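The structure appears right after this line, and notes come after that.
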Amino acid sequence: RSHPCFAFPDWAYKPESSPGSRQIQLWHFILELLQKEEYQGVIAWQGDYGEFVIKDPDEVARLWGIRKCKPHMNYDKLSRALRYYYNKRILHKTKGKRFTYKFNFSKVVLVNYPLLDMREGVSWVGICQGEGERREKCQSGC
DNA sequence: CACGGAAGAG
DNA sequence: CTCTTCCGTG
């Protein structure tokens, strides 16, 4: 792989969380796609640490739409949601680079887990190892 | 394309 | 609160 091993907390990319799950969050979904090799033609890590490029905006939007049961999702709307992450310090834009954003991994933990101590208690997962299985949900019934 | 205000859904 | 939808601006 072109990009070196990445580490982030396992909860960050776990699909659907647990039974008591809340709705899937967009940045979780992005991380999920990024983790799967089969989507490298659609979205992939590229450039700096945490930086990724959406190679096929329409397809990412379509996939996101399927997951959220929003058949009219498109890149315009998806990107608005990504822009809301700027203030939350989850993401920021890589200016000048088309369809390129960057995760603020250092802040991600603080956003959803304010009381979590990063030095311990979290299992860190390498992005280039571990192949979680995943099934297409919401394909029908929405 | 990228940005961010405004309104509204759940 | 986290988007979704729509849209004017640059």
Side-chain angles (χ1 to χ4, degrees), chain A residues 1-4 6-128 130-142:
Chain A
R1 189 117 3 124
S2 58
H3 205 280
F6 239 112
F8 56 87
D10 56 359
W11 55 260
Y13 79 97
K14 255 176 190 165
E16 321 304 299
S17 292
S18 316
S21 58
R22 40 172 102 153
Q23 270 267 27
I24 177 81
Q25 253 157 294
L26 178 54
W27 62 277
H28 284 28
F29 179 75
I30 296 289
L31 243 28
E32 191 182 313
L33 292 185
L34 248 14
Q35 194 214 355
K36 304 288 283 180
E37 287 180 41
E38 62 219 76
Y39 293 112
Q40 282 193 3
V42 171
I43 184 171
W45 297 115
Q46 203 171 92
D48 267 7
Y49 185 86
E51 210 171 88
F52 63 94
V53 182
I54 298 173
K55 298 177 180 177
D56 188 341
D58 292 337
E59 181 62 6
V60 172
R62 194 185 68 81
L63 261 18
W64 176 234
I66 290 170
R67 181 62 68 89
K68 285 288 291 288
C69 293
K70 296 290 178 188
H72 303 301
M73 181 51 62
N74 58 34
Y75 181 69
D76 180 56
K77 289 183 275 195
L78 185 150
S79 62
R80 181 70 188 90
L82 292 179
R83 266 174 251 133
Y84 272 127
Y85 287 150
Y86 299 169
N87 284 335
K88 294 175 188 168
R89 312 211 58 193
I90 292 172
L91 279 186
H92 64 79
K93 189 76 180 67
T94 299
K95 290 169 187 172
K97 291 186 183 178
R98 214 172 173 222
F99 306 127
T100 303
Y101 300 82
K102 186 173 174 178
F103 274 99
N104 295 319
F105 280 113
S106 54
K107 294 290 179 184
V108 160
V109 169
L110 302 176
V111 170
N112 281 4
Y113 291 77
L115 303 178
L116 193 61
D117 190 335
M118 285 182 72
R119 292 169 301 183
E120 56 182 336
V122 185
S123 46
W124 295 82
V125 177
I127 188 109
C128 50
E131 278 288 298
E133 75 168 63
R134 184 178 159 285
R135 61 186 83 128
E136 285 295 336
K137 306 197 76 174
C138 213
Q139 195 67 45
S140 59
C142 60

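A quick note: this is a predicted structure, and the numbers were derived from the prediction, not measured.
Listed pair K70(A) / dA9(B) fails the phosphate criterion, with no side-chain N or O lying under 4.0 Å from OP1 or OP2. Of the side-chain N and O atoms in Y85(A), none sit less than 4.0 angstrom from OP1 or OP2 of dT2(C). Neither OP1 nor OP2 of dC3(C) sits under 4.0 Å from any side-chain N or O of K77(A). Regarding contacts with the backbone of dT4(C), a side-chain N or O of W64(A) is found under 4.0 angstrom from either OP1 or OP2. For the pair Y84(A) and dG5(B), the criterion of a side-chain N or O lying under 4.0 Å from OP1 or OP2 is not met.
Rounded to whole angstrom, the span from the CD atom of Q25(A) across to the P atom of dG10(B) amounts to 18 Å. Here the C1' atom of nucleotide dA2(B) and the CG atom of L91(A) are 14 Å apart, to the nearest Å. Atom CZ in F29(A) sits about 15 Å away from atom C1' in dT4(C), given to the nearest Å. Taking atom CG of L78(A) as the reference point, atom P of dC3(C) lies 10 Å away to the nearest angstrom. Across the protein-nucleic acid pair, L82(A) atom CG and dC3(C) atom P stand 9 Å apart, rounded to whole Å. Atom CD in Q23(A) sits roughly 16 Å away from atom P in dA9(B) (whole-Å rounding). For the pair Y86(A) OH and dG5(B) P, the computed distance is 13 Å after rounding to whole Å. Separating the CE atom of M73(A) from the P atom of dT5(C) is a distance of 5 Å, rounded to the nearest angstrom.
Between N87(A) and F99(A), the residue whose closest nucleotide on DNA chain B is further toward the 5' end is F99(A). Positionally, the nearest nucleotide of DNA chain B for P57(A) lies more toward the 5' end than for the other of P57(A) and R83(A). Each of D76(A) and A81(A) lies near DNA chain C, and the nucleotide nearest A81(A) is the one positioned closer to the 5' end.
Ring-plane geometry between W64(A) and F29(A) is classed as tilted, the angle between the planes lying from 30 to 60 degrees on a 0 to 90 degree scale. Classified by interplanar angle (parallel below 30°, tilted 30° to 60°, perpendicular above 60°), the ring pair W45(A)/F52(A) is perpendicular.
Nucleic acid contact for L26(A): sugar-phosphate only, since backbone atoms but no base atoms lie under 4.0 Å from a heavy atom of the residue. Heavy atoms of K93(A) sit under 4.0 angstrom from primed sugar atoms or phosphate atoms, though from no base atom. Within the 4.0 angstrom heavy-atom criterion, only backbone atoms of the sugar-phosphate kind lie near R98(A); the bases stay farther away.
For the pair E51(A)/T100(A), a side-chain contact is recorded, criterion being any heavy-atom separation below 4.5 Å from C-beta on. Contact annotation: the side chain of Q46(A) never approaches that of K97(A) to less than 4.5 Å [non-hydrogen atoms, C-beta and beyond].
Separation of the Y101(A) and Y85(A) ring centroids does not fall under the 6.0 Å cut-off.
The base of dG5(B) is paired with the side chain of R80(A) by a donor and an acceptor separated by under 3.5 Å.
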